[in-house]
Amino acid sequence: MAGAFWCVVEDDRQGRPKKVTAELIGEARRWGKELGAPVEALWLTDKAETDGLQQLAAWGADRVWLWEDPALAPYRGEVWTPAVAELAAKESPRAIWGAVTSRQRELLARLAARLGSGLAADCVGFALADGQLVGTRPVYAGKLLSKVRWRRTPWLATLRPNVFKVAEEQSGRTPAVERPALAKASAPTTFVERREEAQTGLPELTEAEIVISGGRGLKGPENFALLEKLAGVLGAAVGASRAAVDAGWRPHRFQVGQTGRTISPKLYIGCGVSGAIQHLAGMRTSKVICAVNKDPEAPIFKIADFGLVGDLFEVVPQLTEEFKKLKEKG
Ligand SMILES: Cc1cc2nc3c(=O)[nH]c(=O)nc-3n(C[C@H](O)[C@H](O)[C@H](O)COP(=O)(O)OP(=O)(O)OC[C@H]3O[C@@H](n4cnc5c(N)ncnc54)[C@H](O)[C@@H]3O)c2cc1C
């Protein structure tokens, strides 16, 4: 069976790939080595910096397929999909992988429909059985893990961020860059208005190594400032439960859970979050889970590695002070 492993680049919109791309390439390299397949990056962007291309090569991309065109930003599924589908028809890749991000989730689903191939969404692991890849993905809000196999290539999958090891850097590699023509998109939508997200100055929720989530226990939007202070000290992102989002305390892009973002940080700290199953669906694969809740019976304590029974309005400022002191000590 021929064909490369393709990894769709998630970039920072400034011309450089994000860390999650290193995770895709790292995992693809692992299986590419086993199966004797090259690993290639697909980058659709309006701006690719030279050091961004070099970074992809350093992570181990044997080739970069680069579409650099103003029509590609911001992302529109009906413009990106034909470009990748047309190249896939010519090159017959063995696998096409993307990250669990808003745009790549949509792109991979569209590609699966276009290519008549199966998509394993939200994968957290892979294995080989009889020379075929098997993907592991959580189902029923993370209560069970299912194993899926593809009937035909390309094997399409989205990979959950912060689960897979980032590719080891190999210095001195230069990227082999191919620039395919951009396939004509049929009836693309046009932009009427574009609004930029307000910058929080904190890391992005799905990329952050530490996430502090706030729930209804915060009692009001102004109290998220407590979590932001702690986040500032720890270099963490701030997330929210759906109850907090539904109350209008945080925008939906900060929601963690089944109908929000899926995160898998090294450390998750839930403050005033009860731990409903739909919330757990979005964070239960975090490496270490801590919870601050005044109710010792709160369900979140069942999955927490460390639990603090107490009033978050007392506990969170104390934690902030203690972490600050520790940091100052170095
Ligand atoms: C189809 C569907 C999809 C859903 N998707 C999501 C989703 O994606 N994400 C999500 O989060 N939820 C989701 N939900 C909602 C979910 O079921 C819960 O209602 C929600 O997660 C509860 O949010 P919460 O923990 O902030 O609030 P609550 O359940 O009200 O919990 C608040 C917690 O704060 C504690 N508390 C109160 N005051 C303090 C204090 N001073 N100090 C410390 N602790 C305090 C309380 O003891 C309590 O445990 C979904 C529900 C449905 C039906």
Side-chain angles (χ1 to χ4, degrees), residues 99-106 109 121-122 124 137-144 158 160-163 200 202 204-208 210-231 234 236-265 267-286 289-323:
V100 179
T101 60
S102 307
R103 58 185 188 173
Q104 294 206 11
R105 275 157 84 153
E106 192 203 71
D122 203 16
V124 294
R137 50 184 302 267
V139 289
Y140 301 121
K143 282 248 160 189
L144 293 175
T158 51
R160 191 177 280 200
N162 282 323
V163 169
T200 59
L202 298 173
E204 223 179 272
L205 190 57
T206 50
E207 293 247 317
I210 306 177
V211 172
I212 306 168
S213 271
R216 204 181 338 236
L218 275 168
K219 312 245 181 314
E222 65 286 357
N223 295 326
F224 268 90
L226 281 179
L227 305 193
E228 278 161 5
K229 248 192 196 161
L230 178 57
L234 294 176
V238 174
S241 72
R242 177 159 161 184
V245 169
D246 284 353
W249 300 350
R250 298 298 269 185
H252 180 259
R253 69 190 153 101
F254 294 110
Q255 183 179 315
V256 172
Q258 192 180 319
T259 44
R261 301 286 173 120
T262 304
I263 57 169
S264 203
L267 174 62
Y268 168 94
I269 308 174
C271 300
V273 173
S274 59
I277 182 166
Q278 297 91 353
H279 188 81
L280 303 188
M283 45 60 73
R284 70 185 324 146
T285 51
S286 307
I289 297 173
C290 299
V292 181
N293 199 303
K294 66 177 187 187
D295 174 8
E297 302 299 322
I300 195 152
F301 288 131
K302 290 208 179 90
I303 65 153
D305 299 288
F306 299 94
L308 243 160
V309 180
D311 185 338
L312 73 89
F313 293 99
E314 288 167 20
V315 172
V316 174
Q318 282 173 17
L319 284 177
T320 309
E321 279 313 305
E322 289 306 315
F323 281 123

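Indexing begins at 1, ligand by ligand and atom by atom, following the structure's order. Side-chain atoms are counted along with the backbone in the values below, which use heavy atoms only and exclude waters and symmetry mates.
Put simply, atom 29 (O) of ligand 1 has protein non-hydrogen atoms near it, under 4.0 Å away.
Taking NZ of Lys219 as the reference point, atom CG of Leu312 lies at 7.0 Å (rounded to 0.5 Å). Note that OG of Ser241 and CZ of Arg250 are 11.5 Å apart. Values are rounded to the nearest 0.5 Å.
Per-residue contacts place Ser241 under 4.0 angstrom from the following atoms of ligand 1 (heavy atoms of the residue considered): 11 (O), 23 (O), 24 (P), 26 (O). The atoms of ligand 1 that sit less than 4.0 Å from any heavy atom of Ala243 are 22 (C), 23 (O), 24 (P), 26 (O), 27 (O). Every atom of ligand 1 with a heavy atom of Gly257 under 4.0 Å away is listed here by number and element: 7 (C), 8 (O), 9 (N). Applying the 4.0 Å criterion to heavy atoms of Gln255 picks out, from ligand 1, the atoms 6 (C), 7 (C), 8 (O), 9 (N). Below 4.0 Å from some heavy atom of Val273 lie the following atoms of ligand 1, by number and element: 25 (O). Close approach of ligand 1 to Phe313 is summarised as follows: ligand atoms under 4.0 Å from at least one heavy atom of the residue are 41 (N). Interface atoms of ligand 1 facing Gly260, defined by a heavy-atom separation under 4.0 Å, are 8 (O). The distance from ligand 1 to the heavy atoms of Asp295 drops below 4.0 Å at these ligand atoms: 47 (O).
Nearest non-hydrogen protein atom to atom 48 (C) of ligand 1 is Asn293 ND2, 3.8 Å. Atom 44 (N) of ligand 1 has as its closest protein heavy atom Lys294 N, 3.2 Å. In terms of protein heavy-atom proximity, atom 52 (C) of ligand 1 is closest to Gln278 NE2, 3.7 Å. The single protein non-hydrogen atom nearest to atom 41 (N) of ligand 1 is Asp311 OD1, 3.0 Å, given as residue, atom name and distance. Atom 36 (N) of ligand 1 has Gly217 CA, 3.7 Å as its closest protein atom, hydrogens excluded (heavy atom only). Counting protein heavy atoms only, atom 33 (C) of ligand 1 is closest to Gly272 O, 3.3 Å. Scanning the protein heavy atoms around atom 9 (N) of ligand 1, the nearest turns out to be Val256 O, 2.8 Å. At the shortest separation from atom 21 (O) of ligand 1 among protein heavy atoms lies Ala276 CB, 3.7 Å.
Proximity of a side-chain donor or acceptor of Ser264 to a complementary backbone N or O of Val163 within less than 3.5 Å is not detected. Looking at Asn293, its side chain does come within 3.5 Å of a backbone N or O of Val273 through a donor-acceptor pair.
Using a 4.5 Å heavy-atom threshold, the side chains of Thr206 and Val100 count as separate. Contact annotation: the side chain of Trp249 never approaches that of Asn223 to less than 4.5 Å [non-hydrogen atoms, C-beta and beyond]. Between Tyr268 and Ile300 the shortest side-chain heavy-atom distance falls below 4.5 Å. Put simply, the side chain of Leu218 reaches to within 4.5 Å of the side chain of Leu227, judged on heavy atoms. A 4.5 Å side-chain heavy-atom check between Arg284 and Pro138 finds every atom pair outside the cut-off. In this structure the side chain of Leu308 never reaches within 4.5 angstrom of the side chain of Cys290, judged on heavy atoms.
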| request: Please report the C-alpha distance between Met283 and Ile303 in whole Å, then the side-chain angles of each, then the deciding distance to 0.1 Å, and finally whether the side chain to side chain contact (heavy atoms under 4.5 Å, CB included) criterion is met. | output: CA-CA 10 Å; Met283 45 60 73; Ile303 65 153; 4.0 Å; yes

Evaluation steps, side chain to side chain contact (heavy atoms under 4.5 Å, CB included), between Val309 and Phe301: CA-CA 9 Å; Val309 180; Phe301 288 131; 4.0 Å; yes

- Report the C-alpha distance between Glu228 and Leu202 in whole Å, list the side-chain angles of each, state the deciding distance to 0.1 Å, and finish with yes or no for side chain to side chain contact (heavy atoms under 4.5 Å, CB included). CA-CA 8 Å; Glu228 278 161 5; Leu202 298 173; 4.1 Å; yes

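Of the residues Leu319, Val316, Thr320, the one that meets the side-chain contact (heavy atoms from CB on, under 4.5 Å) test with Leu226 is Val316.
Polar contact check, Gly215 against ligand 1: no nitrogen or oxygen pair lies under 3.5 Å apart. Checked by distance only, ligand 1 and Val292 stay at 3.5 Å or farther apart across all their nitrogen or oxygen atoms. Checked by distance only, ligand 1 and Leu312 come closer than 3.5 Å through their nitrogen or oxygen atoms.
In this structure, Ala244 falls outside the shell of residues with a heavy atom less than 4.0 angstrom from ligand 1. Residue contacts with ligand 1 include Gly310, since one or more of its heavy atoms lies under 4.0 Å from the ligand.
The residue among Lys219, Arg216, Arg261, Glu297 with a heavy atom at the shortest distance from atom 38 (N) of ligand 1 is Lys219. Taking each of Gln258, Met283, Glu314, Arg242 in turn, the one with a heavy atom nearest to atom 2 (C) of ligand 1 proves to be Arg242.
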